[in-house]
Asks: 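Encoded as structure tokens, here's the structure I'll be asking about.
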Amino acid sequence: MRQGPLLAVDVGNTSTVLGLTNDALQLTHTWRIRTNRDLLPDDFALTLKGLMDLSEVATPPCAVLSSVAPPVGQNLKLALERHFGVRTFEVTAENLHDVTVELDDPRAIGADRLANLFGAERYLADREFVIVVDFGTSTNFDVIGRGRRFLGGVLATGAQVSADALFARAAKLPRVNLEAPPSALGKNTVHALQSGLVFGYAEMVDGLVRRLKTEVSGDALAVATGGFSRTVEGVCREIDVFDDTLTLRGLVELWATR
Ligand SMILES: Nc1ncnc2c1ncn2[C@@H]1O[C@H](COP(=O)(O)OP(=O)(O)O)[C@@H](O)[C@H]1O
Ligand SMILES: CC(C)(COP(=O)(O)O)[C@@H](O)C(=O)NCCC(=O)O
Ligand SMILES: [K+]
């Protein structure tokens with residue numbers, strides 16, 4: 001088994017999440033920054049140096065990176081290699097020969113979903129399937145089976161994206177925070193909107209998890225992760241576990257088994 005320290009980076013369409021491990025490959029630091037497609041390699045070098053200096057840690061010799069927002073992934077990789085001499089492993093389906101991606105075109109899979117496959121493995125010990133629900137810009141449902149099988153899943157509009165679409169089209173609706181209101185029955189515009197946007201969203205997620213559990217017809221555990229997952233904790237009834245660092249730890253596991 002390979003040894004740390006290691007930097008794990010997951011570039012999503014909204015946020016870039018970074019994690020640093022110790023020698024034993026346990027996460028000791030995590031950071032979340034805005035994904036900005038305009039930044040160049042030298043900009044990223046400054047950001048990375050800033051984060052490391054703020055936390056008083058050294059840049060590790062190796063990194064693992066998943067990106068679904070080109071060219072951010074490429075520019076970050078260049079920054080890591082040029083400025084810090086960090087050897088960077090980039091996650092793609094072609095790089096992972098021990099993973100079976102059961103999609104029509106396996107190369108089309110998002111790198112974050114491959115990281116989630118590895119993050120799900122620790123939950124597979126006593127279950128046949130894990131459904132990772134990753135609440136990001138899009139809400140992904142990634143269905144994972146034992147033996148590193150990616151069975152497929154669902155891509156749904158993210159909660160913030162659907163809220164933004166509604167605010168943009170309805171002149172009299174205020175922008176509200178995406179948080180659960182006191183009851184489903186709203187007595188004012190804000191609570192009524194929050195009911196639809198949070199409870200309505202949670203019902204959509206619960207319904208899809210139920211459908212997926214029926215379709216795989218095996219024992220399945222649903223695990224939530226991603227920026228919006230904390231908001232639906234206690235609201236979604238079909239989600240069994242909340243795991244904020246599933247994707248980052250998945251990246252670490254993935255790298256460790258190369
Ligand atoms: N720390 C946070 N706490 C609560 N909500 C968050 C947080 N970070 C992101 N979000 C919300 O989660 C959604 C995006 O999730 P994120 O994981 O950043 O997406 P992506 O993986 O696409 O980059 C947005 O709706 C955003 O408002
Ligand atoms: C579905 C996604 C946009 C999710 O990205 P995110 O919401 O995390 O920014 C990303 O995984 C992606 O671009 N996937 C490619 C298509 C696929 O996985 O089938
Ligand atoms: K993500």
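Numbers here are sequence positions counted from 1. Ligands are counted one by one from 1 in listed order, and the atoms in each one are counted from 1 as well.
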Asks: Under 4.0 Å from a heavy atom of Gly12: which atoms of ligand 2 are those, numbered in the order shown and with their elements?
Replies: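 Here the atoms of ligand 2 in question are 9 (O).
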Asks: Tell me which protein heavy atom sits closest to atom 13 (O) of ligand 2, plus the residue, atom name and distance to 0.1 Å.
Replies: Val68 CB, 4.1 Å
Asks: Going by the order shown, which atoms of ligand 2 are within less than 4.0 Å of some heavy atom of Gly110?
Replies: 11 (O), 14 (N), 15 (C), 17 (C), 18 (O)
Asks: Is Ser138 close to ligand 2, meaning an N/O of one under 3.5 Å from an N/O of the other?
Replies: yes
Asks: State whether the shortest distance between N or O atoms of Ser15 and N or O atoms of ligand 1 falls below 3.5 angstrom.
Replies: yes
Asks: Would you mind listing which atoms of ligand 2 come within a distance below 4.0 Å of any non-hydrogen atom of Asn13?
Replies: 3 (C), 5 (O), 6 (P), 9 (O)
Asks: Is a salt bridge present between Asp243 and Arg122, judged by a nitrogen-to-oxygen distance below 4.0 Å?
Replies: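 Yes, Asp243 and Arg122 are salt-bridged.
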Asks: I need the minimum non-hydrogen distance between Pro5 and Asp23, along with the two atoms involved.
Replies: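 Here Pro5 and Asp23 meet closest at CD-OD1, 3.4 Å.
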Asks: Would you call Glu215 and Arg211 a salt bridge, using N to O less than 4.0 angstrom?
Replies: no
Asks: Please list, in number order, the atoms of ligand 2 under 4.0 Å from a heavy atom of Ile109.
Replies: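 Listed by number with element: 18 (O).
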Asks: Counting heavy atoms only, which part of Asn140 comes closer than 4.0 Å to ligand 2: side chain, backbone, both or neither?
Replies: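 The side chain, only.
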Asks: Got an N/O contact under 3.5 Å between Thr14 and ligand 1?
Replies: yes
Asks: What protein heavy atom sits nearest atom 19 (O) of ligand 2, and how far away is it?
Replies: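 Scanning the protein heavy atoms, the shortest distance from atom 19 (O) of ligand 2 goes to Arg113 NH1, 3.4 Å.
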Asks: If hydrophobic clusters are built from ILVMFWY residues whose side chains come within less than 4.5 Å, do Val252 and Phe89 share one?
Replies: yes
Asks: Can you tell which part of Thr137 has a heavy atom less than 4.0 Å from ligand 2: side chain, backbone, both or neither?
Replies: both
Asks: Measure from atom 7 (C) of ligand 1 to every heavy atom in Ala159, Ser229, Gly227 and give the option owning the shortest one.
Replies: Gly227
Asks: Scan the side chains in residues 55-67 for donor-acceptor partners under 3.5 Å anywhere in the protein, sequence neighbours excluded, and list what turns up.
Replies:
| from | atom 1 | to | atom 2 | distance (Å) |
| --- | --- | --- | --- | --- |
| Ser55 | OG | Trp31 | NE1 | 3.1 |
| Ser55 | OG | Leu51 | O | 3.3 |
| Ser66 | OG | Asp10 | OD1 | 3.0 |
| Ser67 | OG | Ala69 | N | 3.2 |

Asks: Is there a donor-acceptor contact under 3.5 Å from the side chain of Thr245 to the main chain of Leu248?
Replies: no
Asks: Looking only at N/O atoms, are Phe228 and ligand 1 under 3.5 Å apart anywhere?
Replies: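 Checking ligand 1 against Phe228, an N or O pair does fall under 3.5 Å apart.
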Asks: Can you tell me if Asp206 uses its side chain to pair, donor with acceptor, with the backbone of Arg237 under 3.5 Å?
Replies: yes
Asks: For the residue pair Tyr201 / Thr231, report whether a side-chain donor-acceptor contact shorter than 3.5 Å exists.
Replies: no
Asks: Hey, is Arg230 touching ligand 1 through its side chain, its backbone, both or neither, going by heavy atoms under 4.0 Å?
Replies: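 The answer is neither.
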Asks: Does Asp53 use its side chain to pair, donor to acceptor, with the backbone of Gly50 at less than 3.5 Å?
Replies: no
Asks: Nearest to atom 24 (C) of ligand 1, what protein heavy atom do you find, and at what distance?
Replies: Gln160 CB, 3.8 Å
Asks: Using the rule given for side-chain contact (heavy atoms from CB on, under 4.5 Å), can you reason through Phe129 versus Leu212, listing the C-alpha separation, both sets of side-chain angles and the distance that settles it, and then say yes or no?
Replies: CA-CA 10 Å; Phe129 301 103; Leu212 290 170; over 6 Å; no
Asks: Out of curiosity, is Thr35 lining ligand 1, as in a heavy atom under 4.0 Å away?
Replies: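 Contact absent.
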Asks: Can you tell me how far the CD1 atom of Ile144 sits from the CD atom of Glu128, to the nearest 0.5 Å?
Replies: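 If I round to the nearest 0.5 Å, the distance is 14.5 Å.
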Asks: Please report which non-hydrogen protein atom sits nearest to atom 8 (N) of ligand 1, along with the residue it belongs to and the distance in Å to one decimal place.
Replies: Arg32 NH1, 3.4 Å
Asks: Nearest to atom 8 (O) of ligand 2, what protein heavy atom do you find, and at what distance?
Replies: Asp112 OD2, 3.1 Å
Asks: Establish whether atom 26 (C) of ligand 1 and some protein heavy atom are separated by less than 4.0 angstrom.
Replies: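 So far as the 4.0 Å threshold goes, atom 26 (C) of ligand 1 is out of reach of every protein heavy atom.
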Asks: Can you see whether Tyr123 engages Asp240 through a side-chain donor-acceptor pair at a distance of less than 3.5 angstrom?
Replies: no
Asks: State yes or no: do Phe44 and Val86 share one hydrophobic cluster built from I, L, V, M, F, W and Y residues joined by side-chain heavy-atom distances below 4.5 Å, directly or via other members?
Replies: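 Both belong to a single hydrophobic cluster.
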Asks: Considering only heavy atoms of Ala108, which atoms of ligand 2 have at least one such atom less than 4.0 Å away?
Replies: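 What qualifies from ligand 2 is 15 (C), 16 (C), 17 (C), 18 (O), 19 (O).
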Asks: Check ligand 1 against Thr137 and write out every atom of the ligand that is under 4.0 Å from a heavy-atom position of the residue.
Replies: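 Close to Thr137: 19 (O), 20 (P), 22 (O).
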